[in-house]
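Here the structure comes first, spelled out in structure tokens, and everything after it is commentary.
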Amino acid sequence: MAAPRGEFTSRFGFLMAASGSAVGLGNIWGFPTNAASNGGAAFLFVYLILAFALAYPALMAELIIGRYARANAVTALRSISPGDKSKIAALVVGFTGIITVTFILSFYAIVSGWMIAYFFDPLARLLGYGGVAQWLTTDAILRDAAFVVLFMAVTVFIISAGVQEGIEKWASRLMPSLIIILILLILYVLTLPGAMDGLKAYLVPDFSSIADPTLLVDAMGQAFFSLSLGVGTMLVYGSYISKQENLPTTGGLVALLDISIAVLAGLLILPAMYVALANGVEIFDSQGGLIAGPGLIISVLPALFNTMGVIGIFVALGFFLLMTIASLTSSISMLEVPVAYAVEHHGLQRSKAAAIIGSIVTLISLTIVFNFDPMFDIVVTYTTEMSQPLLGFAFCIFVAWIWRRNDILKEIKQGAPEAEQGLFWKIWPFYVKFVCPVAILIVYFQ
Ligand code: PFF
């Protein structure tokens, strides 16, 4: 039968793991560019409201279900469903989450592979291997395939080691390093000519765009993707939290860390883009907007680093190390969702489950690499814009309409005995019952 379940050894361990899942390419790449193209600080303002008012309650829903059930997503949703019909719905939602997260990981691994390739590029140049550097930074199927395999191998390696020795240990090493590298890069970039224009583009609000529906849709999509919601990741991490832990506070800290790192990343990316502009690099696309897609990370920023001379080599190393760490702490949380299911439901050994599922994800990634143009955008759209918000909606319904209110309170009170009198219990049930589902649907149908 299945091995005994893992548990995070401390609040710090959980915080690093869960914020590691949340902080990823979505924060460092997605958030700053979304902000820049949606009215700067106006986006920030809406994002902060949505993140705390909608994403945080949805995050709490997953953490509470997970810790209550101490099980993978499918089993956990079934255990809070009292009737036959709701048990079937639980199965459908749980499996859709597992399939969605598998596909998210398959495209995430491709982009993460680029980050590793661009990390090796300055190293190769430093060591005088110009030809290798050229290969690393030239868009090609073979390069993408090689780095997908490498990235997935590292992800499988960490997940095979388990909750404490794999996820917690690595997240506790990598997340503090990420924060230090990010702050050092910000401090350096802000000293360069042009940086202040970038700060202005980021921090001066253009409130005329607040009424723009795309701003709301973008801000909500960003908040859900960034907090890794809807696909069972936070539910599974929640299932490894100790029963002594105060859930509302711990979940609040995860949201706060995620949001803070996104906001900090804006202080790096936008100033860096305007420094690039001051150095003669093109940062606007043909429609006059800031370049935001892959071009930003793999052409604008490397072009900037190239204008910086020797120091640029070290800045490039630091930047792509930051991106690689951010990707890795997110990818392990994605792989954990199907692995936890395979271990607990099918009694598979953890390392075997990680290897088998990791290989399946790698095969899907390679299929996308070989058919990039038709497939990549479709996979991103279906998983993050269609499936993820609908699953977030389903999780709210399960917690607020299907699960018994008393059981929820009992679960929260385990680590927070005074919770019944606290602000969280006064507001949160109403939020997940009415505000979150309605808001998610409105934004979804926009
Ligand atoms: N939150 C991650 C990011 O912002 O890049 C992405 C992510 C991780 C999405 C885990 C979904 C997931 F299950």
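Please read all numbers here as calculations on a predicted model, not as lab measurements. In listed order, ligands and their atoms are each counted from 1. Numbers for residues simply follow the sequence, beginning at 1.
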Identify the closest protein heavy atom to [atom]: which residue and atom is it, and at what distance?
{"atom": "atom 13 (F) of ligand 1", "result": "Thr233 OG1, 2.5 Å"}
{"atom": "atom 8 (C) of ligand 1", "result": "Ser228 OG, 3.3 Å"}
{"atom": "atom 5 (O) of ligand 1", "result": "Tyr108 OH, 2.6 Å"}

Below 3.5 Å, N or O to N or O, backbone or side chain included: is there any such pair between [X] and ligand 1?
{"X": "Ser226", "value": "yes"}
{"X": "Met334", "value": "no"}
{"X": "Ser21", "value": "yes"}
{"X": "Leu227", "value": "no"}
{"X": "Ala22", "value": "yes"}
{"X": "Val23", "value": "no"}

Okay, side chain of Glu282, backbone of Phe284: is any donor-acceptor separation there less than 3.5 Å?
yes
Can you tell me if Asn371 uses its side chain to pair, donor with acceptor, with the backbone of Met375 under 3.5 Å?
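Not at all, since once roles are kept as given, no pair shorter than 3.5 Å links the two residues.
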In terms of relative ring orientation, are Phe225 and Tyr108 parallel, tilted or perpendicular, with 30° and 60° separating the classes?
tilted
Is Glu411 salt-bridged to Lys243, cutoff N-O under 4.0 Å?
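The answer is yes: the pair qualifies as a salt bridge.
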Find all atoms of ligand 1 within a distance of less than 4.0 Å from any non-hydrogen atom belonging to [X], and give their numbers and elements.
{"X": "Val231", "value": "13 (F)"}
{"X": "Val101", "value": "13 (F)"}
{"X": "Asn27", "value": "4 (O)"}

Just heavy atoms, cut-off under 4.0 Å: does Ser333 contact ligand 1 by side chain, backbone, both, or neither?
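For Ser333, the contact with ligand 1 is made by the side chain alone.
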Which residues pass the salt bridge (charged side-chain N to carboxylate O under 4.0 Å, His left out) test with Arg350, sequence neighbours left out?
Glu336
Determine, stepwise, if the pair Thr250 / Arg11 fulfils side-chain contact (heavy atoms from CB on, under 4.5 Å).
CA-CA 8 Å; Thr250 315; Arg11 177 185 278 195; 3.8 Å; yes
Qualifying residues under side chain to side chain donor-acceptor pair (under 3.5 Å), relative to Ser242, sequence neighbours excluded
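Side chain to side chain donor-acceptor pair (under 3.5 Å) check on Ser242 returns Gln244.
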Let me see the working for Phe147 and Met115 under side-chain contact (heavy atoms from CB on, under 4.5 Å), right down to the final yes or no.
CA-CA 9 Å; Phe147 282 97; Met115 300 302 114; over 6 Å; no
Can you tell me if Asn38 and Ser209 form a side-chain donor-acceptor pair at under 3.5 Å?
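There is no such pair between these side chains.
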